[in-house]
Every structure is written in C-alpha cells, then in structure tokens.
Amino acid sequence: MEVIQYRITDEWDEERWTAVESIYEQAFPLDGKKSRDIIRGMFAKRMCQLHTIAQGTEWIGMALTGIDQRVGAVIIDYIAVREDYRGTGVGRSLLDHIKQWGYETVGCQGIIVEVESELTEENRQRKLFWQSNGFHLSEYVHRYIWVPETYQAMYMNFDTNNPLPEDGKLLFRSITRFHEKAYRGAK
C-alpha cells in the first residue's frame with residue numbers, strides 16, 4: 001500500500017481544487033453545497049482551509065474547514081472521500097490529520113460539524129462515523145431558513161478541562177457565523 005500524503009492550504013489553489021472537486025461533487029450532489037465561486041471567495045476572505053489526502057498520485061479525500069476564534073473551534077464545513085475508498089479508513093485518516101492540525105498547529109479547543117438530523121439510514125451512518133471518531137451529538141435541532149433539511153451539531157473536545165459548549169444552540173452560533181461570512185457578498 002502506498003503512503004498516504006496529507007496537505008493543507010489556506011490559499012486558493014486552482015489546480016488542487018480542480019483535482020478534488022469531483023470528490024466534493026460526488027459526496028454533495030445536491031444544492032446543499034457551496035459553489036466554486038463561493039469557495040474561492042472564502043479563500044479570498046482568509047476564512048477557510050482545504051485539506052487533501054492522496055495515495056500516490058490519486059486524490060482520494062478532501063475537507064474544507066474554518067476556525068471560529070471566539071470559541072476556539074475548527075468547523076468542518078465539508079469532508080468527503082472518493083466513493084471507491086469509502087470504508088477503507090481514509091476518512092478516519094483525514095479526520096485524524098485535521099484533529100492534529102487543529103490542536104497542535106491552530107491551538108483550538110475542539111471541532112464542530114453539522115449533520116442532517118432526519119432519520120434516514122444515510123444520516124445514521126454519518127452520525128456513527130462521527131461518533132466512532134470521538135464526536136458527541138447535541139440534542140438541539142436547527143432549522144435554516146434557506147434549506148428544508150434540519151441539522152444537529154456534533155462536537156469533539158481536544159481537552160476535557162477546556163471543552164467546547166455542549167449546547168447545540170451555542171454550537172450553531174459558530175456554524176451560522178461561518179456560513180454567513182462565507183455567503184456575505186457572494187453573487
């Protein structure tokens with residue numbers, strides 16, 4: 001098995017985005033994803049990072065993150081693994097790299113991610129993935145005005161002595177601030 005290569009950038013990289021865009025599109029085929037222009041704008045605002053993972057010359061996973069300095073949290077906006085690599089540990093490996101970066105390099109307290117709350121098998125599997133990686137599901141169900149789906153926040157702490165809030169409403173303040181900044185001024 002070839003060595004997995006992890007990279008992160010906080011600058012727009014057209015070549016790298018083009019290389020992983022199909023993974024993003026495959027994992028998020030509906031209207032719930034951000035457009036290339038919005039993502040490019042997020043980099044221009046210096047508000048996000050692109051994490052990529054490759055095996056040899058094959059791009060096999062990507063994630064888009066942001067940081068909420070107010071609460072000291074990494075926000076995972078999107079994480080995706082190429083379909084033919086799902087279930088092989090690539091997602092866990094990518095998440096482990098993000099955890100290490102968030103704790104050691106950025107100095108955050110933990111990570112926040114939102115998951116769809118509808119009771120479907122796909123959503124159950126997603127929640128199980130996050131829980132198996134140390135995340136906790138908040139009880140609060142959030143409804144955005146611009147999409148029909150409802151969401152819940154999941155979080156993990158790097159240090160139990162300095163935890164993120166467990167209250168889903170408070171966690172969604174971080175998520176909402178991130179989304180509002182991403183869409184602010186977008187076309």
Side-chain angles (χ1 to χ4, degrees), residues 1-29 32-86 88-115 126 129-130 133-135 153-158 164 171 174-187:
M1 185 163 156
E2 293 185 60
V3 175
I4 298 285
Q5 298 146 11
Y6 167 76
R7 293 189 185 140
I8 179 172
T9 183
D10 62 359
E11 295 180 10
W12 176 255
D13 181 332
E14 184 77 27
E15 185 177 333
R16 189 175 317 175
W17 179 256
T18 299
V20 298
E21 190 170 27
S22 63
I23 298 169
Y24 173 69
E25 295 283 336
Q26 184 183 63
F28 304 99
K33 65 181 175 291
K34 292 178 175 78
S35 70
R36 174 186 271 250
D37 287 340
I38 289 173
I39 293 169
R40 188 181 299 122
M42 291 166 61
F43 280 96
K45 295 172 191 173
R46 311 285 299 159
M47 63 171 288
C48 69
Q49 303 78 37
L50 175 62
H51 305 256
T52 55
I53 196 163
Q55 186 170 23
T57 60
E58 297 282 321
W59 297 98
I60 57 176
M62 60 76 64
L64 224 97
T65 62
I67 300 168
D68 184 337
Q69 297 290 350
R70 289 187 198 179
V71 295
V74 172
I75 297 172
I76 297 180
D77 196 17
Y78 297 98
I79 187 168
V81 171
R82 209 170 77 186
E83 199 167 37
D84 56 333
Y85 277 85
R86 292 180 191 159
T88 65
V90 170
R92 180 180 302 272
S93 177
L94 178 55
L95 186 55
D96 286 345
H97 285 290
I98 294 169
K99 288 176 184 178
Q100 183 177 0
W101 166 79
Y103 181 67
E104 293 176 5
T105 305
V106 185
C108 285
Q109 293 172 230
I111 300 176
I112 303 169
V113 64
E114 65 182 342
V115 293
R126 286 183 183 136
F129 168 79
W130 292 109
N133 283 283
F135 284 74
M154 295 189 78
Y155 64 95
M156 71 149 304
N157 295 307
F158 296 139
L164 293 172
L171 295 170
S174 293
I175 295 167
T176 300
R177 273 193 302 270
F178 178 78
H179 289 315
E180 285 175 349
K181 186 175 179 183
Y183 285 100
R184 194 173 303 130
K187 298 171 189 167

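- Between the OG1 atom in T65 and the NE2 atom in H51 there is a gap of 3.0 Å [rounded to 0.5 Å].
- The shortest distance between side-chain heavy atoms of Q55 and V90 does not fall below 4.5 Å.
- For H97, the ring-ring contact (aromatic ring centres under 6.0 Å, His included) partners are Y6, not counting sequence neighbours.
- Every residue two or more places apart in sequence or in another chain that forms a side-chain hydrogen bond (donor to acceptor under 3.5 Å, both in side chains) with E21 is listed here: W17, R36.
- Judged as a side-chain contact (heavy atoms from CB on, under 4.5 Å), and not counting sequence neighbours, S22 has no contacts.
- With contacts defined as side-chain heavy-atom distances shorter than 4.5 Å, the pair Y24/L64 does not qualify.
- By the side-chain hydrogen bond (donor to acceptor under 3.5 Å, both in side chains) test, R82 pairs with E58, D84, sequence neighbours left out.
- Shown here for F28 and I79, the closest heavy-atom pair between the two residues is CZ-O, 3.6 Å.
- Between F129 and M154 the shortest side-chain heavy-atom distance does not fall below 4.5 Å.
- Closest of all the heavy-atom pairs between L94 and G61 is CD2-C, 4.2 Å.
- Scored by the side-chain contact (heavy atoms from CB on, under 4.5 Å) test, A73 finds V71, I112, L164 as partners (sequence neighbours excluded).
- Every ring-ring contact (aromatic ring centres under 6.0 Å, His included) that F158 has, sequence neighbours left out, goes to Y103.
- Not counting sequence neighbours, R92 has no partner by the salt bridge (Lys or Arg N to Asp or Glu O under 4.0 Å) test.
- Expressed to the nearest 0.5 Å, how far CZ of R40 lies from NZ of K34 amounts to 15.5 Å.
- In terms of heavy atoms, Q26 sits closest to E83 at OE1-N, 2.8 Å.
- Scanning for salt bridge (Lys or Arg N to Asp or Glu O under 4.0 Å) contacts around R46 gives D10, with sequence neighbours left out.
- Under a 3.5 Å cut-off, the side chain of K33 and the backbone N or O of E25 do not form any donor-acceptor pair.
- Residues D77 and C48 fail the side-chain proximity criterion, which asks for heavy atoms closer than 4.5 Å.
- Here the rule is side chain to side chain contact (heavy atoms under 4.5 Å, CB included) with T52, and of I23, D13, I8, V20 only V20 fits it.
- Each salt bridge (Lys or Arg N to Asp or Glu O under 4.0 Å) pair with one or both residues in residues 59-68, not counting sequence neighbours, appears once here: D68-R177.
- Closest non-hydrogen pair, K45 versus A182, comes out as NZ-O, 3.2 Å.
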| T88/V81 under side chain to side chain contact (heavy atoms under 4.5 Å, CB included): CA gap, chis, key distance, verdict | CA-CA 10 Å; T88 65; V81 171; 5.7 Å; no
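- In this structure the side chain of I98 never reaches within 4.5 angstrom of the side chain of Q49, judged on heavy atoms.
- At a threshold of 4.5 Å between non-hydrogen side-chain atoms, the residues F135 and V115 do not count as touching.
- The minimum heavy-atom distance between M42 and F178, with the atom names listed, is CE-CZ, 3.5 Å.
- Proximity of a side-chain donor or acceptor of R70 to a complementary backbone N or O of S174 within less than 3.5 Å is not detected.
- The two residues E114 and I175 make their nearest non-hydrogen contact at OE1-CG2, 3.7 Å.
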| request: Would you please test M156 and W130 for side chain to side chain contact (heavy atoms under 4.5 Å, CB included) and show each step? | output: CA-CA 9 Å; M156 71 149 304; W130 292 109; over 6 Å; no
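- Looking at heavy atoms from C-beta onward, I60 lies in side-chain contact with I4 at the 4.5 angstrom threshold.
- Looking at residues two or more places apart in sequence or on another chain, you find no ring-ring contact (aromatic ring centres under 6.0 Å, His included) involving W59.
- Partners of E104 by side-chain hydrogen bond (donor to acceptor under 3.5 Å, both in side chains), not counting sequence neighbours, listed by chain and number: Q100.
- Contacts of D96 classified as side-chain hydrogen bond (donor to acceptor under 3.5 Å, both in side chains), with partners at least two apart in sequence or in another chain: none.
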